[in-house]
Asks: 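One structure, pasted below without further comment.
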Amino acid sequence: MHRLDRLFEKSSRSLAQRTSRRGFLGLLGQALTGSLLLPLLPIDRVHRTAAAATPQPAGAAAAGGATKPGHGAAIDDPHSCEYWKYCAIDGFLCSCCGGSSHSCPPGTAMSPITWIGTCHHPGDGRDYLVSYNDCCGKTSCGNCECNRNEREKPLYRLSRNNDVNWCMANSDSNYHCSVSVILGLAEQ
Amino acid sequence: MHRLDRLFEKSSRSLAQRTSRRGFLGLLGQALTGSLLLPLLPIDRVHRTAAAATPQPAGAAAAGGATKPGHGAAIDDPHSCEYWKYCAIDGFLCSCCGGSSHSCPPGTAMSPITWIGTCHHPGDGRDYLVSYNDCCGKTSCGNCECNRNEREKPLYRLSRNNDVNWCMANSDSNYHCSVSVILGLAEQ
Amino acid sequence: MRSYQSRAAWLALLACGCATAAEPLQPEQFTVETLPPRSPHWVYIVDDAFSNEIDARVRLFDGDSYRHLGQIDAGFSPGVTLSPDGTTAAVVTTYFARGGHGARTDVVEFTATATLELSAEIVLPPKHAQAPPSYFNLAYSSDGRFLYVAYITPAMSFGVLDPVNRKVLGEIDTAGCALVIASGGNRVSSLCDSGRLLTVTLDDQGLEASRALSDVFFDADRDPVFVQGVPTDTGYAFLSFLGQVHEVDFSGPQPVIHPPWSLLSPAEQGHWRPGGAQVAAIHRRLGRLYVPMHRGGEGSHKAGGTEIWVFDLGTHRRIARWPLKPLRFGPAIAVQVSQDAAPVLFAAAENAEVAVFDALTGRLRHVEKHLGETPWFFMNP
Amino acid sequence: MRSYQSRAAWLALLACGCATAAEPLQPEQFTVETLPPRSPHWVYIVDDAFSNEIDARVRLFDGDSYRHLGQIDAGFSPGVTLSPDGTTAAVVTTYFARGGHGARTDVVEFTATATLELSAEIVLPPKHAQAPPSYFNLAYSSDGRFLYVAYITPAMSFGVLDPVNRKVLGEIDTAGCALVIASGGNRVSSLCDSGRLLTVTLDDQGLEASRALSDVFFDADRDPVFVQGVPTDTGYAFLSFLGQVHEVDFSGPQPVIHPPWSLLSPAEQGHWRPGGAQVAAIHRRLGRLYVPMHRGGEGSHKAGGTEIWVFDLGTHRRIARWPLKPLRFGPAIAVQVSQDAAPVLFAAAENAEVAVFDALTGRLRHVEKHLGETPWFFMNP
């Protein structure tokens with residue numbers, strides 16, 4: 001856990017430079033409530049982007065494995081790129097790699113840092129805050145490549161960016177696949 | 001050239017264990033006559049396999065890049081897997097990787113050890129002894145994968161085997177692509 | 001699995017037609033998946049990733065759910081084997097200091113099969129045989145005490161390793177004979193160009209105690225055997241390019257070579273051949289041999305099978321013939337069969353499709369698209 | 001090229017109908033190919049090989065002969081740039097000690113562009129930005145004296161390197177601003193979430209002398225700019241998600257930001273967007289801007305263009321619109337244009353096809369299938 005501590009320190013410091021302390025701690029509190037094993041979130045300004053979601057995945061790319069874009073029940077299928085929670089995922093779906101929509105495949109490790117999306121759940125009409133974590137330490141899974149970018153932002157807004165290797169700070173930092181974890185309801 | 005010397009020594013020693021000195025030196029002489037920059041050939045028993053060739057590449061596999069199996073003039077096109085000289089090649093054609101049928105791409109290095117084939121040249125009706133060398137030191141080229149196996153033998157007859165990484169003894173030993181070099185007429 | 005809970009919740013919502021549910025979805029807990037108890041219908045697929053050859057991997061796939069269960073990194077041109085107790089997967093491979101170039105490091109890496117976590121490694125002399133996967137690139141002694149690594153430099157030899165204490169014990173020259181066919185607690189056989197088997201017997205320290213050559217049982221010029229031997233009850237069966245089956249009993253101090261028999265009727269000879277990367281599979285208890293067969297000639301020995309032929313190992317009679325083209329699958333370049341009473345047959349095609357058949361009836365159950373890039377070898381769990 | 005000689009010989013034989021020629025083919029001499037003098041129609045293609053991400057490479061391709069000329073290894077998630085004199089290609093990347101796992105080593109590797117041989121490397125702190133290729137992951141000062149590497153840990157900073165003496169000179173914090181936009185001999189600008197540019201000016205030792213923030217010129221919430229800037233005569237043009245063009249003059253001591261203009265007519269706004277991985281190309285002398293455009297909405301900013309729109313940079317008027325679907329190509333996720341008087345336009349599709357167009361007329365000259373696996377970025381020689 002030493003490494004996690006160090007990361008937390010580093011994230012806190014770098015975040016302090018560019019966001020209000022209140023915003024960061026508010027989110028942290030929210031996430032702590034919801035999840036026992038908490039990803040560390042170098043996030044600012046999440047409150048800005050909790051707008052109403054567009055349900056159709058515009059520009060979604062899907063390739064390989066069990067991903068079947070256009071399938072009727074795809075929006076509720078964690079093996080499909082069109083699954084509702086994947087609205088800002090970019091990479092290989094861990095559900096096609098031995099994990100699930102929110103668990104890493106055996107033998108890999110979660111990235112403690114992450115990017116954040118806000119996805120609309122058509123089942124209950126609500127918007128959820130979703131943490132996209134990379135699973136790290138094995139070579140690329142290669143199955144179910146999925147690229148969706150709702151409210152995704154360029155690299156200068158890192159907490160909303162899905163292009164960077166979020167395994168970067170893991171001790172074993174190769175990228176294997178990506179998961180999505182519901183953090184809670186998005187603030188309206 | 002120190003490394004070449006050592007390799008030569010090693011090859012000679014291991015060959016001495018399993019083939020007649022005459023056979024090895026005979027081939028060596030033949031090859032020296034034909035080529036200034038000579039690949040070292042850990043070969044035995046080449047005299048056994050100089051049988052008449054079947055011109056059609058049975059079981060040839062081709063994928064990617066400029067390889068066009070079934071093309072009319074393919075048997076004379078060094079960018080095609082069906083090129084006559086490629087009758088026992090297995091890997092990426094260097095002619096699709098920045099080299100030619102008998103030259104390595106820029107920045108790679110020839111393998112001094114090699115496997116040998118005997119290919120029928122339909123242009124003049126003759127059989128030629130061909131040295132297949134790997135080009136080494138860069139990561140897989142990936143273009144024009146070509147797998148042909150006329151008179152190819154399993155691993156225990158290494159000098160006729162195209163499965164092993166012939167870059168194995170290079171200082172930079174990754175496999176990039178394969179060439180074919182005419183050594184001379186096959187003994188009839 | 002929370003995903004199923006949430007699916008149920010959503011379906012319930014749809015049924016009631018509510019726009020907004022009373023209870024929002026709860027935050028999810030992030031976890032790392034654990035493997036269920038192993039199933040005989042799992043298969044380890046060695047994917048050489050040939051177009052990106054430094055990035056080979058072993059994929060664990062479930063022949064019932066058709067799901068990927070996990071992955072083991074395998075570097076460049078790996079050999080893969082399982083420990084006798086099934087708890088450890090060992091991979092011998094090469095890594096370069098700078099990805100696709102730079103100094104070569106050869107290593108055996110050990111992965112716990114229950115967790116797919118790396119547990120240890122042994123660094124080797126840079127000699128491991130960079131050749132296609134088979135059972136004989138890397139092999140354990142039957143008691144798991146020794147691990148043997150095939151070396152080609154191009155001189156041929158093998159390394160003897162102590163997997164428990166993570167040490168290289170030594171290297172034994174095989175005089176031009178290839179690969180490591182492990183038997184018993186201390187024997188390693190290799191295939192020789194002369195058509196013989198060389199068998200080296202080791203002492204307690206893993207050093208050579210004695211060696212012996214078998215009689216000639218094949219002719220490398222006229223009809224060589226594939227090095228891809230297939231496990232039988234007592235040893236391995238070696239198929240030849242022209243379709244002879246050489247069964248070798250490795251259970252005694254020296255290999256006993258049975259008289260060969262042919263896959264082919266006299267009418268079929270010269271027309272049909274076995275071929276591919278993993279050329280046959282055997283269900284040991286049922287005594288059934290599965291062979292992808294194709295019409296071919298000289299040089300077609302790596303061509304995949306357009307049909308799978310099934311033989312009874314007791315009678316040497318063909319009991320089925322399963323054409324693949326009507327199934328829009330194949331040709332099949334690799335096959336494996338599970339060893340349980342309701343066996344499934346796996347077959348891989350050159351386009352990286354993997355088919356799952358009922359191994360008793362030949363019924364096609366499933367085709368998985370893109371199971372890796374170059375799935376060349378299957379291993380049972 | 002001996003192969004052409006032998007082709008001629010064979011054709012002659014066929015013509016005369018001889019079964020056997022008088023003179024057999026002569027033994028060939030083995031060589032390593034050298035590159036011809038560089039052509040403006042060459043292009044360096046950064047292939048991230050995303051499904052085997054540790055095995056990225058830069059492919060050198062000729063837009064006239066449609067041949068691969070060679071390759072540079074590029075490791076994991078590389079940044080690539082050329083030295084100002086064009087003699088050196090620099091690649092910043094990550095290698096793992098054991099292929100796909102193990103300790104991370106970040107390094108800049110230098111390759112001579114004339115021979116494609118590695119010439120040197122500099123080992124870095126393990127901080128390089130593992131992000132998609134752009135002009136701003138790695139960049140030389142205009143005099144070639146400094147080399148800048150973008151760092152993300154996730155804290156943002158950059159490394160200052162001395163490529164001549166192969167040393168890391170230092171690291172400069174960018175307070176959350178991203179990437180390295182090099183200008184002049186000693187300036188590095190970065191893109192900030194606040195919609196500003198941070199510009200750090202270095203002293204002779206490569207240490208920070210001063211820093212300044214520009215005015216706000218974009219709104220990251222409402223209409224962020226792509227980080228894939230496009231070289232202009234005096235700096236870079238940054239396109240926004242909604243199709244605004246922000247031209248920035250980097251030739252003076254501080255960047256001068258021109259008033260933005262729109263790719264879209266009022267009727268097109270809200271319907272068409274730019275998008276992809278390399279979102280535009282500019283022919284600097286002709287003053288032409290090429291942009292792959294698609295119909296999309298929120299979240300479609302990485303979708304490729306179904307048309308390429310061509311603009312006059314002087315008048316800001318669209319002068320052509322080239323639909324790709326009738327050509328059975330695309331959508332286009334990356335574009336580049338050669339800088340000569342008879343320019344070719346390169347475009348890459350998601351399926352790894354690369355099209356070569358006449359950049360003046362839009363005529364499709366060639367489609368190369370499978371030009372690598374994930375060709376995401378083109379660089380002119």
Side-chain angles (χ1 to χ4, degrees), chain A residues 7 10-11 13-15 17-19 42 44-45 48-49 51 53-54 56-61 63-64 87-88 90-92 113 136-143 145 147-176, chain D residues 49-55 76-77 94 96 98-104 126-132 134 136 150 152-156 173 175-179 190-195 220-221 224-228 241 273 275 277 294-304 333 350-351:
Chain A
L7 272 172
K10 190 186 286 179
S11 301
R13 256 190 288 118
S14 78
L15 282 166
Q17 296 170 4
R18 52 188 226 280
T19 186
D44 58 344
R45 304 186 184 80
R48 290 196 202 166
T49 47
T54 356
Q56 68 279 14
C87 74
D90 182 4
F92 307 111
I113 55 174
C136 313
K138 288 181 187 279
T139 200
S140 345
C141 160
N143 295 331
E145 187 179 340
N147 183 7
R148 288 174 59 188
N149 298 287
E150 289 176 34
R151 283 164 295 282
E152 197 263 357
K153 299 289 181 188
L155 213 54
Y156 45 78
R157 182 168 293 174
L158 200 62
S159 62
R160 290 279 174 170
N161 179 265
N162 66 18
D163 280 334
V164 85
N165 173 28
W166 281 104
C167 293
M168 66 179 114
N170 279 52
S171 61
D172 226 339
S173 61
N174 197 3
Y175 167 71
H176 184 63
Chain D
F50 186 59
S51 290
N52 300 87
E53 208 177 354
I54 61 169
D55 196 30
F76 176 84
S77 205
T94 294
F96 301 103
R98 295 289 179 259
H101 55 274
R104 166 182 176 180
K127 295 183 170 189
H128 107 83
Q130 295 171 330
S134 76
F136 309 134
I152 301 182
T153 64
M156 288 179 183
D173 179 74
C177 303
L179 300 175
S190 302
L191 285 159
C192 309
D193 190 33
S194 60
D221 287 307
V225 296
F226 292 95
V227 297
Q228 289 84 7
F241 283 19
R273 293 181 176 220
H294 68 277
R295 287 179 178 275
E298 169 55 40
S300 77
H301 52 280
K302 292 185 199 162
I333 55 163
E350 292 224 29
N351 62 1

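Convention: sequence-line order gives letters A, B, ...; per-chain numbering from 1. Quick note: numbers below take in every heavy atom, side chains included, and nothing from hydrogens, waters or symmetry partners. Everything quoted here is computed from the prediction, not taken from an experiment.
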Asks: Using heavy-atom distances under 4.5 Å, tell me whether D:Phe241 contacts chain A through its side chain, its backbone, both, or neither.
Replies: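 Side chain only.
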
Asks: Which distance, rounded to the nearest 0.5 Å, do you find between the CG of A:Leu158 and the OG1 of D:Thr153?
Replies: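 Going from the CG atom of A:Leu158 to the OG1 atom of D:Thr153 covers 9.5 Å.
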
Asks: Would you call D:Phe96 and A:Thr139 a side-chain contact if the rule is heavy atoms closer than 4.5 Å?
Replies: no

Asks: Picking from D:Val227, D:Thr94, D:Ile152, which has the most non-hydrogen pairs under 4.5 angstrom with chain A?
Replies: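 Maximum pair count with chain A is reached by D:Ile152.
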
Asks: Can you tell me which residue among A:Asp163, A:Asp90, A:Val164 is in a side-chain contact (heavy atoms from CB on, under 4.5 Å) with D:Pro132?
Replies: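 The option that passes is A:Asp163.
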
Asks: Does the side chain of A:Asn147 reach to within under 4.5 Å of the side chain of D:Glu350, using non-hydrogen atoms?
Replies: no

Asks: Heavy-atom cut-off 4.5 Å, strictly under: side chain, backbone, both or neither for A:Asn161 against chain D?
Replies: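 Neither; nothing under 4.5 Å.
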
Asks: With a 4.5 Å heavy-atom cut-off, do A:Lys153 and D:Asp193 have their side chains touching?
Replies: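 Side-chain contact under 4.5 Å: no.
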
Asks: Among the options D:Gly304, D:Ser77, D:Cys192, D:Gly275, pick out the one with the most heavy-atom pairs lying under 4.5 Å from chain A.
Replies: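 Top count of heavy-atom pairs under 4.5 Å with chain A: D:Cys192.
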
Asks: Which heavy atom in D:Glu298 sits nearest to a heavy atom in A:Asn149, and how many Å separate them?
Replies: OE2-O, 3.9 Å

Asks: Rounded to the nearest 0.5 Å, what separation is found between the OG atom of D:Ser194 and the OH atom of A:Tyr156?
Replies: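 It is 10.0 Å, given to the nearest 0.5 Å.
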
Asks: Counting C-beta onward and ignoring hydrogens, is there a side-chain heavy-atom pair between D:Glu53 and A:Asn165 closer than 4.5 Å?
Replies: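 Answer no - side chains too far apart.
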
Asks: In Å, rounded to the nearest 0.5 Å, how long is the span from OG of D:Ser300 to CD of A:Glu152?
Replies: 11.5 Å

Asks: Using modelled atom types only, decide if a donor and an acceptor are shared between the side chain of A:Asn174 and the backbone of D:Gly100 within a distance under 3.5 Å.
Replies: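 At least one qualifying donor-acceptor pair exists.
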
